[in-house]
Structure formats: C-alpha cells, structure tokens
Amino acid sequence: MGWPGTGSLHCLVTGASGYVGGRLVPELLAAGHRVRCLARSPGKLRDQPWAHDVETVAADVTDADSVAGAMRGIDVAYYLVHALGTGSSFEDTDRRAARVFAERAHAAGVRRIVYLGGLTPHGVPERELSPHLRSRAEVGRIFLDAPVPASVLRAAVVIGSGSASFEMLRYLTERLPVMVTPSWVHTRIQPIGIRDVLRYLVGSAAMPEDVNRTFDIGGPDVLTYREMMARYAAVAGLPRRLIVPVPVLTPGLSSHWVGLVTPVPAAIARPLTESLRHEVVCREHDIARYVPDPPGRPLPFDDALALALRKVREAQVATRWSSAAVPGAPSDPLPTDPDWAGGSLYEDVREAPVDASRESLWKVIEGIGGDHGWYSFPLAWAVRGWLDRFVGGVGLRRGRRDAERLRVGDSLDFWRVEEIEPGHLLRLRAEMRLPGLAWLEMFAETDERGRTRYRQRALFHPRGLLGHAYWWSVAPFHAVVFGGMARNITQAAAKGMSAHRK
C-alpha cells in the first residue's frame, strides 16, 4: 500500500513496537520515505521484518537530550506513545513527554508532527471525560499550540486483526451467545479500519505547512456497540446473539467483566470501556481534502471485520495490542553477571537428553504457549493465570501473535520474549504480577557426544521479604510444573521426530 506524490521524507516514528507504530513503519517505507525509530529498548525491534530497512535510536520521550538526538535531520515526527497504566500520574507523564517532543522538534527544524489521539464526544466538558481521553486531548492541544505545524488525528474504535478493540469485540461476541452487558452497548460509535488509519497517517506527512489542526477520522458506519456485536456475529457466521443491557455495571466493573471474558486485561479494558460512555462520532471529514479517499474507502465496518478475521485465520497478524509492553510489567533485562551482584537469584535448572534432532526440539520450544500450552500440569498454569487476572494482571490468555514463529518483543501468554537465538535459546520474561522479577529460559543443545540435549532454567529475583516467601511457597510445586515441562517437551520433540521419519 503506497501513497504516490508525497516525495521522500525523513520520518521519526515513536511507538514502533506498538500496534499502530509497528504497522506504520512498513507503510512509510512503501511510500518511499526514510524511517528512524525511537525506542527505549531498540532490541525489541530487532526481529521485525523491516528492521534492516530503518535506523533505530535509543531514546525516551521524557528525556529531552535523547529526543534531541533522535530529531536531527527529521522532516516529520510521528507521536504514537502514551503513558496510560504507568500509575496515577500518567497524565503528568503524558503532558511532560508531549512538551519535550514538541520543543525538541522545533529546535531540530522538524516540518510537521503527526499525532494519533482519541475521538472526544461533542459537547461533553473535558472534566467529565475519562482520564484516558482527557490526556489524549491535552496531548493534542500541546502539539497544536507548539511552533511546529501538527496533524492531530482523532479516532474512536480501530478495527484490525490484533487490535485491542477488535479482540474485545471478537471474544465478547464469540464466547457469549447470551450476554448481560453494560448500558454503554447503546452508545453510538464510528469505528475505522486500521488500513484507513495507516493511510491517513502516511498521507498526513505531506500536508501543506499552513495546516495545523485536528482531523476526525472514521469509517462510513455509525453503530452502537450492540449493533457492532450483532454485525460481528453475522460476518463470522455465528448464530444471532442475545444481548441484555443492565445499568448497574460501572466502568470499573465493566473492565473486569471484559477482562474475565476476553484476553484484554482490565488495565487496558478500562480506558476502552470508559471511552464508550459517551457518543464518539466524527463531526467532519476534512482530512479527505488532503488525503483523498480512493473508491470504496474508508472501508465499511463489515469489510474491515472480514479482513481482520481473514488475517487472524490465516495467521498473518503483523502486530497485536500486546505488542507494546504491558503497563506496569517488569522490564529489567536478565542479569548477565554470573555472580549476580544485585542480590539473591533463585534458580530451578532441568536437563534431559532428547531422542530427536536439535531442529525437532527447537520446533517444540519455539511453538510453546498459546494453543500448544506449556507442556505440564495445565490446571496449575490455568490457576496461575486466573490469579493474575484477579489482581489486575495480563493472565494466561494473550496467546501468541504467530502459532509457529516468535520474535523478540512478542507477548506469549503472561510472558514476553526477551531474547531468541534461533535453534538454540528462547528467553521469556514474566509479565504477571509477582513480588520480584522472573525469567524462563529454554535451550536446544548438543552434548560432547553429539547428542541433542534440552536445558531449562527458571530464575527469580525476589523483591523484599515477600519475594523470598513467594519463591519458597511455590518451590514444592516446581518438580511437577518445571520437571513435567522438561519431560514433556523432550517427549514431544521425540514424537515429532518419529512422525517426521514415518
């Protein structure tokens, strides 16, 4: 998908590890632009299919010096990050980061800032908006008041394979033939397909210098959430759903209800459900003057649904809502110092010979999680996932982006891929709620006699006395959980090898 006529520009993309940013980068490249990605952890972008076609710089949007370095030589700067979920002060963090970004863009001579925010309801005082929408609106104002011309795009519900809004709609509809729902199912919404969002973002790079304003972006359909669920059921070939709205579910209760039924955790579901309390419908479509809509675009809601479903069923989901790090999840890398100068580090190590090739063993390792499960005591893993959801964590239902292949930065149930050496090592970092930091490593190795060997290492760095107590309280179950995992992974590799030979 390319947009001719914009000329080659040098674009800076923040949030390239997230859902929209990870899809925007290849679209900018296809349009003939050069791309530089700003990331706090550049290693997360290492395995992206476009990684070798872009420049990646390490920077934090709240650090003026690092942002200044990232802005050098940039024509257009895309701002696709927000601090939602980082704590009660996330609005202050968003405000500070936006000001730093605008100031450094002006100092570097950037020609345009492009920001994707949320569509706010007409006639509703800002103080009555959800903190999520209120912060998005404030960030947009900061960019519009800055010296650099800005294109502030405002979207409601984004429909695309892997988006949080799509997966929330999908799982609610597929799992509940009869639903008792919050009253916001009657709220009118104007959804938009991710392809049109990307088209508008790319096209915004070439807007005239005198354009400095907001643009409402949406698809051609205005629907209630109830109608969206009914349309999803029809497009997916499901029986008609019975929906019974009740007025007693508050936004907080709604988010826990969504978290219970869908893979989207309450921390992410809450801003989505809070945003649905008020009608979010576009009041203009002026962006078409600068980014013309080709025939058949924007995509109708049913077409956007069908396209997203096809991508899911064909396992061609490029990014997911969980591509970005989960707010509040630990991000410390695994300590490499063998003596671990940072304090206690508990280990559980398992090794076993494998009657299979390293390739067969690696196939099992890389395919772990999601529908394949964790190869040991499914009830224990399920209970741990339920407990994590109960305390506001991500739980075990995020699944995988791809059923067979992993890349650094992928979410994997309640883990995230921290390192992968194809054919040899998979290192996962826990994103569940824990009193400490945890990792799980799986190795496919060859011993001194040339035989395949599986090695597994679980590590835990406790935080305070509670962390130590946690480790020793679960230690008795390690033989069942981790021992069973090592045993079943080696058996699965041997069975796979045997089937291959046959």
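The structure presented is a predicted model; accordingly, all values stated were derived computationally and were not measured.
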Under a 4.0 Å threshold between the charged nitrogen and the carboxylate oxygen, would Arg416 count as salt-bridged to Glu418?
no

Can you see which heavy atom on Val100 is nearest to which on Ala64, and at what distance?
CG1-CA, 3.6 Å

Report, one line per pair, each donor and acceptor closer than 3.5 Å where one atom sits in a side chain of residues 115-125; sequence neighbours left out.
residue: Tyr115; atom: OH; partner: Arg136; partner atom: O; Å: 3.4
residue: Thr120; atom: OG1; partner: Arg154; partner atom: NH1; Å: 2.8
residue: His122; atom: ND1; partner: Arg283; partner atom: NH1; Å: 2.9

Which residue pairs satisfy the side-chain hydrogen bond (donor to acceptor under 3.5 Å, both in side chains) criterion with at least one member in residues 67-80, sequence neighbours excluded?
none

Would the distance check show the side chain of Asp47 and the main-chain N or O of Val408 forming a donor-acceptor pair, the cut-off being under 3.5 Å?
yes

Could you check Val158 against Ile192 for side chain to side chain contact (heavy atoms under 4.5 Å, CB included), going step by step and ending with a plain yes or no?
CA-CA 5 Å; Val158 177; Ile192 182 171; 4.3 Å; yes

Is Asp402 reaching over with its side chain to a backbone N or O of Glu404, donor-acceptor style, under 3.5 angstrom?
yes

I need the minimum non-hydrogen distance between Arg241 and Thr173, along with the two atoms involved.
NE-O, 2.8 Å

Residues, nucleotides or ligands: over 12 heavy atoms within 6.0 Å of His106 NE2
no

Kindly determine whether Leu201 and Arg199 satisfy side chain to side chain contact (heavy atoms under 4.5 Å, CB included), including the steps that lead there.
CA-CA 6 Å; Leu201 284 170; Arg199 182 168 59 85; over 6 Å; no

Would you say Glu27's side chain and Leu198's backbone share a donor-acceptor pair under 3.5 angstrom?
no

Contact summary for Ser165 and Val157, nearest pair of heavy atoms
CB-CG1, 3.5 Å

Has Asp94 got a side-chain atom pairing as donor or acceptor with Val139's backbone, closer than 3.5 angstrom?
no

Arg112 and Ser204: CA distance, side-chain angles, deciding distance, side chain to side chain donor-acceptor pair (under 3.5 Å) verdict:
CA-CA 9 Å; Arg112 176 162 298 277; Ser204 294; over 6 Å; no

Strictly distance-based, threshold 3.5 Å: is any side-chain N or O of His33 a donor or acceptor partner for the main-chain N or O of Leu9?
yes

With a 4.5 Å cut-off on side-chain heavy atoms, are Val417 and Leu426 touching?
yes

Between Phe143 and Ala98 the two heavy atoms that sit nearest each other are CE2-O, 3.5 Å

Residue pair Ile189 / Ala156: nearest heavy atoms and the distance that separates them
CG2-CB, 4.2 Å

Apply the test side chain to side chain contact (heavy atoms under 4.5 Å, CB included) to residues Asp410 and Trp415: give CA-CA distance (whole Å), side-chain angles for both, the deciding distance (0.1 Å), then the verdict.
CA-CA 9 Å; Asp410 273 0; Trp415 304 88; over 6 Å; no

Please check if the side chain of Gln190 supplies one atom and the backbone of Gly219 the other of a donor-acceptor pair under 3.5 Å.
yes

Quick one: does any side-chain atom of His372 pair with a main-chain N or O of Gly367 as donor and acceptor, under 3.5 Å?
yes

Would you confirm whether Glu227, through its side chain, and Thr224, through its main-chain N or O, come within 3.5 Å as a donor-acceptor pair?
yes

Taking Val281's backbone N and O only, do any of them form a donor-acceptor pair with Arg188's side chain (distance below 3.5 Å, no angle check)?
no

Between Val211 and Pro149, what is the shortest heavy-atom contact and its length?
O-CB, 3.7 Å

